[in-house]
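Keep in mind that this is a model prediction, so the values were computed, not measured.
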Amino acid sequence: QQLSFSDLLLSVVIVPTLLRTVMNEGAKISLIGCIVQLYLFGVTEALQCFLLTVMSYDRYLAICNPLRYSSIMNHKFCVKLIAMSWLLALSFIPVTVISAATQEFCNQNTINHFFCDYFPLLELSCSDTSLARILTITVSVPAILSPFMLIIGSYICIAHEILKIVSSIGRQKAFSTCSSHLAVVSIFYGTLIGIYVVPTRNQSQTISKLLSLLYTVVTPFINPMI
């Protein structure tokens, strides 16, 4: 439910601007509106990172420790994990948003993107953005890479446990419980890491927009079906 809510929030934040941009070949937004959109976008993306990590831990317990699954993943513990995910998402994002909001913007006011994304917004700044870029990459490590490494660790343990299953039917059932989550993680984290963790200045704007489209529109769209 929390993942669906974050998908809905992301769609509300991004899709209207995307549609106006496509239909009118551009859309107007104030600087304050742009910063607010950047903040809400960042919170939803960070929240999805942490929620996907929680879901991988859930799959780990279900396959690697099924006898204790019900006692560990009780309602109280789930609420704690969700609350912690929200707290972490709300804590990390203001750092990057403030670094963008405090930039000095000159005459250029056209963002080459379909929403107020961080790096396209920095391109409009006429001040030095190297510190802001370093800060974003630094924040991306605990917000994106650390959850991603925890997910990889969970799936290594899951794969090791699945390989112990003798029957092929048992292996297929065990793998089917993780395949949908693994597909979402691959698309979501692959694009995020490509844009925010290892960004390049000479990266094609078209490629950047396509990658952004994957985790802002495509992933929220396919999540309910998965």
Side-chain angles (χ1 to χ4, degrees), residues 6 9-10 13-14 17-18 20-21 26-53 85-152 185-219:
S6 65
L9 182 59
L10 182 62
V13 171
I14 301 299
T17 306
L18 170 62
R20 289 201 309 270
T21 303
K28 291 184 178 180
I29 187 171
S30 65
L31 179 59
I32 295 176
C34 186
I35 297 300
V36 171
Q37 186 185 64
L38 177 63
Y39 174 74
L40 293 175
F41 162 72
V43 168
T44 55
E45 293 301 293
L47 179 62
Q48 289 204 33
C49 287
F50 297 122
L51 289 178
L52 288 172
T53 307
S85 298
W86 273 100
L87 182 62
L88 289 173
L90 293 171
S91 300
F92 282 122
I93 300 306
V95 178
T96 56
V97 173
I98 291 172
S99 68
T102 53
Q103 293 293 315
E104 183 179 350
F105 298 98
C106 301
N107 296 326
Q108 189 180 4
N109 60 359
T110 303
I111 299 178
N112 188 13
H113 216 295
F114 57 84
F115 70 99
C116 290
D117 202 359
Y118 188 77
F119 288 113
L121 183 60
L122 287 185
E123 294 294 333
L124 302 183
S125 174
C126 53
S127 55
D128 185 17
T129 61
S130 57
L131 182 60
R133 293 175 183 274
I134 293 173
L135 181 63
T136 302
I137 296 173
T138 304
V139 172
S140 297
V141 172
I144 299 177
L145 280 184
S146 295
F148 184 58
M149 295 305 294
L150 289 174
I151 291 174
I152 290 177
V185 166
S186 301
I187 297 172
F188 181 77
Y189 273 100
T191 52
L192 275 188
I193 291 173
I195 291 179
Y196 297 105
V197 180
V198 286
T200 57
R201 283 183 173 272
N202 58 352
Q203 186 180 60
S204 169
Q205 284 292 333
T206 303
I207 294 175
S208 179
K209 291 176 185 177
L210 287 174
L211 291 175
S212 298
L213 199 64
L214 280 175
Y215 65 80
T216 57
V217 178
V218 176
T219 302

Trainee: Do L52 and P147 touch side chain to side chain, with heavy atoms closer than 4.5 Å?
Mentor: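 Result no, sub-4.5 Å side-chain heavy-atom pair not found.
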
Trainee: Is any side-chain heavy atom of I134 closer than 4.5 Å to one of T138?
Mentor: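 A side-chain contact under 4.5 Å exists here.
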
Trainee: For the residue pair F119 and T129, establish whether any side-chain heavy-atom pair is separated by less than 4.5 Å.
Mentor: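 No, their side chains stay 4.5 Å or more apart.
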
Trainee: Which heavy-atom pair separates C116 from I111 by the least distance, and what is that distance?
Mentor: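 What the structure gives for the nearest pair is SG-CD1, 3.9 Å.
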
Trainee: How long is the gap from CD on E104 to CG on L124, to the nearest 0.5 Å?
Mentor: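 Those atoms lie 13.0 Å apart.
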
Trainee: So F41 and I93, do their side chains get closer than 4.5 Å, heavy atoms only?
Mentor: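 With C-beta onward as the side chain, the pair stays apart.
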
Trainee: Rounded to the nearest 0.5 Å, how far apart are OG of S130 and CG of L135?
Mentor: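 Result: 11.0 Å between the selected atoms.
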
Trainee: Determine, step by step, whether C49 and F148 satisfy the side-chain contact (heavy atoms from CB on, under 4.5 Å) criterion, reporting the C-alpha distance in whole Å, the side-chain angles of both residues, the deciding distance to 0.1 Å, and the verdict.
Mentor: CA-CA 8 Å; C49 287; F148 184 58; over 6 Å; no

Trainee: Nearest 0.5 Å please: distance from the OG1 atom of T53 over to the CD1 atom of I144.
Mentor: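 Atom-to-atom, T53:OG1 and I144:CD1 are 11.0 Å apart.
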
Trainee: Measure the spacing between CZ of F114 and CZ of R20 and express it to the nearest 0.5 Å.
Mentor: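 Here the rounded value is 13.5 Å.
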
Trainee: What residues, two or more places apart in sequence or in another chain, satisfy side-chain contact (heavy atoms from CB on, under 4.5 Å) together with S85?
Mentor: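 Here the qualifying residues are L47, F50, L51, V54.
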
Trainee: Show the nearest heavy-atom pair for residues A89 and V43, with the distance to one decimal.
Mentor: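 For A89 versus V43, the nearest heavy atoms are CB-O, 3.8 Å.
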
Trainee: Quick one: which residue pairs count as a side chain to side chain donor-acceptor pair (under 3.5 Å) with a foot in residues 87-103, not counting sequence neighbours?
Mentor: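 The answer is S99-Y118, Q103-S125, Q103-S127.
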
Trainee: What residue pairs, at least two apart or across chains, pass side chain to side chain donor-acceptor pair (under 3.5 Å) with a residue in residues 30-39?
Mentor: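 Matches after skipping sequence neighbours: T17-Q37.
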
